[in-house]
Every structure is written in structure tokens, then in C-alpha cells.
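Proteins get letters first, then strands, A, B, ... in listed order; numbering begins at 1 in each.
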Amino acid sequence: MQISKTGFSAAANSRFWAPLPEKQWDLPKAGHLLRRAGFSATPEMVSLAMTNGLGKTVAQLFDGRDEMPLPRAVSQSLAEERRLIRRRRKQKKAQKQKTTDEINRLRRQTVIDYNIFWLQRAADPKFSAHEKYLLFLQNVLVVSSDSVRKPESLIDYQALLRREGLGRYPALVKSVSKSPAMITYLNLRSNEVGRPNENFARELLELFTLGEGNYTEDDVKETARAFTGYKFNRKGFFYAEESFDAGEKKIFGKSGHYNGDQVIDLVFEQPAARSYLPSELIQFYVSAQVAIPPEALQELGEIWQASGFDNLVLLETVFRSRLFYSEQYRGQEIKSPVDYYIGLVQALDLDVAVFPSGSVNLIKRMGQELMKPPNVRGWVGGRSWINATAVRARRAAVAKVLDSAGEESLTAVDLEFVRRLGASKAPAYFVTPDHLKNHLNVNSLHDLGGYLQSQMADPLPAAELNELAKIAGAQDEPLLELMSFMLNHPRFYLC
Amino acid sequence: MMRRRDFLAAAGLLGISPLALGMNFERRLLKKSLRQYFKPSKGDGNEQRVLVLVHLAGGNDGLNTVIPVNDPAYYKSRPTLAIAKSTAIPLNADLALHPGMKELAQVYGDKQMTILQGVGYPEPNRSHFRSLEIWETASSSAEDIEEGWVARFLKQQQPDNDDPTPQAIHLGTEIPDVLYTPQDIGVFGLARRRIKADALGPGMEQLEREAARTGDERTEGNLAYVTDVVLDTLATEQEIASILRKDRSRGDFPKSGFSRRLRSVASLIDSGLSTRVYHVSLGGFDTHANQANRHTRLLRTLSAGLTAFQKDLQRRGVAGRVMTMTYSEFGRRPWENESGGTDHGTAAPIFLLGEQARSGVVGPVASIPLDPAKDLGYETDFRAVYAAMLEDWFEVPAKTIVPGNFSSIKVLKNGA
């Protein structure tokens, strides 16, 4: 894993971003990194991180970024969708509507199927950091299934981010501007010479690259003109010359017959471009609430720019820095629904349920429907994840994995998904006493308390743990009760 | 939603740590206010009306439930599964109930049950997931699919933000899609495996103590914020558990989990809660193989449970304001398969129970196709049944909740 030398020498001189010395690497810091970069810090992960040291751990974080193979059930659904679309072409109006309903339902199911497979991938520690990073990217470069109806476009879009997300940001933005998903989501297809549609241009400047206040309305208008002619068909993106506005545009004070790619180059010449994405990254990984000092953000932007806006450099700089490990940013972030669910699965060494009621629906009820953020700004995160409904949904997720009826309570809908998507030989969807013993080496209430404490970013004070253990000990199923208390504890909501 | 903290504040304890007063003081104070935690039901007319939804999960075999005992095609299509006329319980000249449903037959005889025949929809879908989605969202358009039809109804009811009373309670951890909408409409889930009431109280107190102990440095922090919301949520859970625990007038119910859930529903309905909708599920109806015994057991459970529930409501004097409705994602094929079972079908009967239910069988006897590859047609669109519940039972316009074109249907007794 080659890290840009430019990136590191710049960081070395920074007050905030200088790497934490290896001798200061310890268990709590390893836990902090693993919980933030990924979804949890299990004993194995922490142990490996301690053996490897900070530098090597960070260097290996994003190693798992191979292409995600298209699951068979998903490719079958995509084929069925194509069949239905072909059939619909030959139908009369009344029939057409019914087939459209059928297609829409199939599409929704396909997205659910895909997201179940995605959760399985993200829960695999090898891929966790990279897939979590894709969540971050998808929350900046937003598209949504509510207007991007074709699952294939959404899947291809995520694959694009997976392929190019850790490269240089300007190139990524250029690729994204040409993806069918983004073209659909921001109506780029209707943006033609003489009939400009500013949707994409505005979001490009406001939400992808510069942030509000760093461009003028005229910049938006002229940018829109540069992005005319962007189309796609079944074969993919193509450029429609005849729809392109070839005239001269004046953007950020410069004039030229710019096209989309060239405007993106202009964007990254603006000072604001240096700090916009880093600021978003800090909010996602460091703190949604506590701002970092402005000088720190500026320096990070300079480091990033010096690297050619390389996102891997940005991530590694942050994860190796002193700032990242300072006390004020530790243990206080509210886990997103995906963080909470995958954190639960990893901490308990469970398998992601291959049916929605045990996976995607739990996350959806907590307020995060994968591939469907509420609007183009993405999920706000932080405290907005927590309200009565969301808390009840988190409690429902815990109840689900602790369900002693477990396998017997799978419904017909659940089983339908199991049959269609396939499951491993002996999946562990629910925690049983045997599971605790065999998977987590937990043989007593004391073991359990200790283990779950190790999974908290900010563990309970000893007195509180003892109190809870006492209450649990008096119940019929002490282990289950203690798990219930601790997994439902507010501290488990934080990382 | 009234917050527990506000609740204590209102009692004049603002700014004083519970520890300073001692936990017993706080507990006593809380107990005194328990009666006022949920706002009591207003008690006038239709605001008290309740709908209990019972999902027969997996696709109930309607043909063996409400049996066309005089149709030779029935016996031809089900050489091993057909129920003998001599064992079935007659409903009228043409139809009989499965022998396992003697209790429900009595409810029917007491004119407290409607049997709606052949309920389904055009172009039926045979996937559990997709057909259930259709039944629970009552929407065939691409747009409004995300919300359950009951969720849409509850959204329109505009709950009182100061009242933590749930508008709907489902028994089971997951919110069923019929009650789901992204925004908070006050849906509460009574988990199958609840934290025992003995543990919940002390657990909450422990959280309160910890919250008080961490003091001012953390009052602005996320831990304090999350703890606050969690405690509020737990308070509702505790209140509901308390209502159930304190119900001294619990009736006689059969031993099944299903019956126990209905027993809880009866307690909650009678407690004065203004909750409008309850949802209970009975699973196992996906009888692709060896249907005979399994279906019998399920129908026995269903019959015994629903009847005990209806009787309990009567005993408590609340039967006049409760309607219970079964639904299932589809019926099953008329012709049995090679494994002694039946495969996913289409239309099936709905049972409507209630003192106010229009009695009798509505709709014709199912017509069994001679071709083994064919399915039953549908008589009544399920959306018509929903619309009738909305308009005649809850007395709200159905148009915005259950859009579409279907003929109306009468579900209540005259004058109800």
C-alpha cells in the first residue's frame, strides 16, 4: 500500500495532522480507530492492531476493496426485470400499468436483496473499513432509489465508488457525473443547450465540492451550460454533441468554452475545494458536533491538495494523526443505524440475517434505509439518529438477535428470502447460550460483563456494571438479561 | 410526547437530583403519577373504537377453512386433503367450517362474525413478500408503497404530542408493514420476550442514577442526550408492562402463545388506553406439504384464541367497540399437490368478529376450476374491506387512505 510521500511530509509538519508516534499506540486508541474506521473492535481485531502498530494497521485498513461480485439472486432478478420490460412494450395500456406495478415491486425487492448481500460484505472485517467509507461517499455524492428506479444503475454506481473512491477526488467526481444513476437523480439528461436544468450544477458545487457560499448564482448557471449533452442508453454513458452548449462560459471569473470535465478542473482550483470534502469526512469520522479548529481543517485541506486530492491520503492522514486520537473526539459519537447493527453482529460474532426482518428492515426502522437517503443532502447523522421511534427500533434489533425462539420464529416471508438468497450451512442469526460459549468464550455472567464492556467505546463504571449484573443475576435467564441491559445501554449507542 | 423528565419537573422536582431525595421518594412520586402517564381515552362514541388485525402468516388455505361441502369439484381437487362433509361444522346450506373450529362456529351462530368470501385482488402475486406488501400497503401505484394503510390512517389522526399513548400496538418485536411509515406516529411493540417487569424498573433506575451521577460535564454531551431519549422510551414500556401486570380481571384463555397475545390485547383495550389499532400474528400457514394435521392445529389455535378473545371482550363490557379482522397474503391452490399440501393461491375468506359485525356469509361459494392448473377467482377486493372499516367503523373517508376503484361492501350490522 503505497502512500503518497507528498502527503506524509506535509502532514509531518502539521501541528494537528502529524502522525501519532508508534510508542503512543495503545489498546484504547486501537479500539477507537477500529470502531470509527469500521464498525466494532473485537478482541481479535484489537490484538492484531496492537501487533501491527498504528502505521501498518492504517495501511491495511482499506486493503479489502476488490470488486463485489454480483450475487446470483440479484442477477436473476435483473434478468426478470428485463423480461418484464420487454413484455410491457408489447402490451396495451391497461395491461401496461399492471406490468409496471410488477416491475416496481420487483425492483424494490432487488434493492432489498442487494443490500442484504452488501451488509454481509460490510460485516466481514476484511471489507468493513472500505464499505463504511463507501457509506460516507454515498452520503456526499447522493443518489436515491426513490428516483433512480433501476437497481442496476444503483448497483453500478456503488461499484463505481468502490473502484474509484480511494483515488483522486476530481477524477471520481468526473466519473460520477457520467454515471446513469447520477444523471437520472439530478436530471442531467434534461439539461440541453437552450434548455438548461441547474439541478446537477447546483449540487455539484454546493454538496459535492465547494459548499454553500463559495460560488455565485452565475457560476451555477454557467456550470449547468457546461454539463449539457450528458446522456446514457443501455450501453452506458454517451455524449450528445448536438445537445451540448458549446458557447463561451464565465465561471469563477475565468472564460472558456468549457465542458463538464473542464469545469470540474476549475472547481478544484478554488480554495474552498480544499476543505469541503475534508470537512465532510471529519464530521463523519471524527465528530458530527464538535468542530475541529479552523486551522486544522485548513492544514488538512492543504495536505490533501498537495497529494492531488487523493482520498486514500486524506483518510490515512486523518487516521494516523494526533488529532484523531485526542480525548475530546473519543467515545462520544452516536452510531448510525448501520454502525449499530453491524456493530452488534460483529461484537456477537453473528451472521447477517439473510432475511430483511433481521437485517435491512431493522436498519430501516432505525431511520436509515440503505440507498435511500431522505434528500440530496444525505443523512444528517449525529443526534438526528436518536428519537423514540429509533430507540424502539434499536431495542427491537437487540430483541431480535436475543430471540430465544430464534430459528423457529422465521416467518414465511423470512424463509422465502432464505430460499432465494441462500444461507450458509449453519448460520448464526441468534445468540444462544451455546453460541456465547463457543463463539465468544463466555461461560459466566462475569465473563459476559467483561466481554461486553470491552465492546463499549466508553465502558460503564464498575459500580454500574455490578449493579446491572446483580439485577440480571436475579432473573430467570441472567445471561440474556445482562446482554439485554448492556446492548440496550445508551453507552452502546456511542462509539 | 411528554418526556419523563418533564413529568418529574412538573411534579416540582426540577433541578433536584433524585439521589438527594433518595430513590424511594422518586419511585413513590412516579407511582402516584402512573395513573396520569397516559391520557385516558375520551370515552365518547367512535373515538373509542378499536380494530384488531390478525395476520394469518404464510397464506391460509381458505378452501379447507370455509368448505364448499356440496361441490363435487372440491372432493375431486383434494383427494387426500378434502374435509369430509360429515365432520365439518355447517354454517349454511352450502358451507361448513373446518372441524377444528367449533368455538368460532359458536361465535358465528351468535351472530358476531362475518365471513367474507373470496377476498383478493386482480393479477394476484404469489410471493409472500410481495403479496403481503400489497395487502399491507393497499396500494398498487408505484408511489405510496412505503406506508402501511393503517399507518396512513393513523397519520391522519394527528396524535396529541403531549400524550405518550401509542396509537397502535403490535405484539411481536418488528413493526409490521401495515403499521409502518417513516415518521413517528406512536406505534409501540410489545416484544414476545420482554425484559421482565422486575428487571425493567431497577434497570431504569440504574440509568437514572448514572445520568444524575455523570453530572454537568456530560449534560450537554451525547451520552446524556441518548440516555434521556432512552429513558423516555423505557417509561412507556414500563407503563404498558405495568398495565398488563396489574390487570386483576384476566379471563380464561387457552394456553397458546397466540391466545396469550390476545389476552394482553384484551387487557390493554380495557385499561382505558386510547390506542386504536392492535396487531397480532399467527404463523405457520404456508402448508406446502403434509397440510392435514398442521392446518388443523393452526385452525384450532385460531378458533380457540379468537373465541376466548371475543368472550373476554364481552365479559369486560367492551365488545361493542372492538372489531377483529383476519387477513392473509393469499389463499392456496384448489388442487392439492404431490406432497399432501397446497401451493400459493389467490383469494380466501376474511373473518370479521365483533358485536357490531354484520353476521353471516358475504359472497358466493368458491367456484373450483376443473383445470388443476387454475386458481380461484376473487369476489371482493381487499381494499373494499379496508375502505368499509375506515368509513363505517372509524367513520373517516377512505379515499386518501385506500385509493382505487372497487365496489363498496357492508361489514357492520344495520345501525352500527
Novice: Could you tell me whether the side chain of Val226(B) reaches within less than 4.5 Å of the side chain of Lys335(A), counting heavy atoms only?
Specialist: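 No, their side chains stay 4.5 Å or more apart.
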
Novice: With Glu174(B), which residues qualify under side-chain hydrogen bond (donor to acceptor under 3.5 Å, both in side chains), at least two apart?
Specialist: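 Scan of Glu174(B) (side-chain hydrogen bond (donor to acceptor under 3.5 Å, both in side chains), adjacent residues dropped) gives Lys400(A).
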
Novice: Do any N or O atoms from the side chain of Gln109(A) and from the backbone of Arg130(B) form a donor-acceptor pair under 3.5 angstrom?
Specialist: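 Between the backbone of Arg130(B) and the side chain of Gln109(A) there is no qualifying donor-acceptor contact (under 3.5 Å).
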
Novice: Heavy atom to heavy atom, less than 4.5 Å: which residues from residues 355-364 of chain A reach chain B?
Specialist: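 When heavy atoms of chain B are the reference, residues 355-364 of chain A contributes Ser357(A), Lys364(A) within the under-4.5 Å range.
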
Novice: Tell me, for His288(B) versus chain A, whether the close heavy atoms (under 4.5 Å) come from the side chain, the backbone, both or neither.
Specialist: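 No part of His288(B) comes within 4.5 Å of chain A.
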
Novice: Could you have a look at Leu494(A), Ile103(A), Asp146(A) and say which one has the most heavy-atom pairs with chain B under 4.5 angstrom?
Specialist: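 Between Leu494(A), Ile103(A), Asp146(A), the count favours Leu494(A).
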
Novice: Chain A heavy atoms under 4.5 Å from Ser127(B): which part of the residue, side chain, backbone, both or neither?
Specialist: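 Both backbone and side chain of Ser127(B) come within 4.5 Å of chain A.
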
Novice: So, taking the atom named CD in Glu329(B) and the one named CD in Glu416(A), what distance separates them when rounded to the nearest 0.5 Å?
Specialist: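 Reported to 0.5 Å precision, the distance equals 8.5 Å.
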
Novice: Return the CD to CG distance between Gln289(A) and Asn222(B), rounded to the nearest 0.5 Å.
Specialist: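 Going from the CD atom of Gln289(A) to the CG atom of Asn222(B) covers 4.5 Å.
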
Novice: Run Asp414(A) and His128(B) through side-chain contact (heavy atoms from CB on, under 4.5 Å) and show every step you take.
Specialist: CA-CA 9 Å; Asp414(A) 294 339; His128(B) 288 290; over 6 Å; no

Novice: Output the distance between atom CZ (Arg392(A)) and atom OG1 (Thr236(B)), rounded to the nearest 0.5 Å.
Specialist: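 Between Arg392(A) CZ and Thr236(B) OG1, I get 6.5 Å after rounding to 0.5 Å.
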
Novice: Does Arg105(A) reach the side chain of Ile134(B), with side-chain heavy atoms less than 4.5 Å apart?
Specialist: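 With C-beta onward as the side chain, the pair touches.
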
Novice: Is Asp177(B) paired with Arg365(A) through a side-chain N to carboxylate O contact shorter than 4.0 Å?
Specialist: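 Here Arg365(A) pairs with Asp177(B) in a salt bridge, since their nearest N and O are under 4.0 Å apart.
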
Novice: With only heavy atoms counted, which part of Leu415(A) is less than 4.5 Å from chain B, the side chain, the backbone, both or neither?
Specialist: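 Contact with chain B: none, neither part.
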
Novice: Determine the minimum heavy-atom distance between Ala388(A) and Val229(B), stating which atoms define it.
Specialist: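 The pair with the smallest heavy-atom distance is N-CG1, 3.8 Å.
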
Novice: Are His489(A) and Leu207(B) side-chain neighbours, meaning at least one heavy-atom pair lies under 4.5 Å?
Specialist: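 They are in side-chain contact.
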
Novice: Considering residues at least two apart in sequence or located in another chain, which fulfil the salt bridge (charged side-chain N to carboxylate O under 4.0 Å, His left out) criterion with Arg36(A)?
Specialist: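 Testing Arg36(A) for salt bridge (charged side-chain N to carboxylate O under 4.0 Å, His left out), a comparison that skips the adjacent residues, returns none.
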
Novice: Let me know if Lys372(A) has heavy atoms under 4.5 Å from chain B in its side chain, its backbone, both or neither.
Specialist: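 For Lys372(A), side-chain heavy atoms alone lie under 4.5 Å from chain B.
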
Novice: Evaluate whether atom NZ of Lys96(A) has more than 12 neighbouring non-hydrogen atoms of other residues, nucleotides or ligands under 6.0 angstrom away.
Specialist: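 Enclosed.
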
Novice: Provide the closest heavy-atom pair for Gly58(B) versus Ala412(A) in the form atom of the first, atom of the second, distance.
Specialist: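 What the structure gives for the nearest pair is CA-CB, 3.6 Å.
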
Novice: Using non-hydrogen atoms only, which part of Ile175(B) is less than 4.5 Å away from chain A: side chain, backbone, both, or neither?
Specialist: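 For Ile175(B), heavy atoms of backbone and side chain both lie under 4.5 Å from chain A.
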
Novice: Under 6.0 Å from the CZ atom of Arg419(A), do we count more than 12 heavy atoms belonging to anything else shown?
Specialist: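 Count over threshold, so yes.
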
Novice: Given heavy-atom pairs under 4.5 angstrom as the criterion, report whether the side chain, backbone, both or neither of Phe285(B) touches chain A.
Specialist: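 No part of it gets close to chain A.
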
Novice: Restricting to salt bridge (charged side-chain N to carboxylate O under 4.0 Å, His left out), what partner residues turn up for Glu467(A), sequence neighbours left out?
Specialist: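 Counting only residues at least two positions away or on another chain, Glu467(A) forms a salt bridge (charged side-chain N to carboxylate O under 4.0 Å, His left out) with Arg209(B).
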
Novice: Relative to chain B, which of Arg107(A), Arg394(A), Glu102(A) shows the most heavy atom pairs under 4.5 Å?
Specialist: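 Among Arg107(A), Arg394(A), Glu102(A), the one with the most close pairs to chain B is Glu102(A).
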
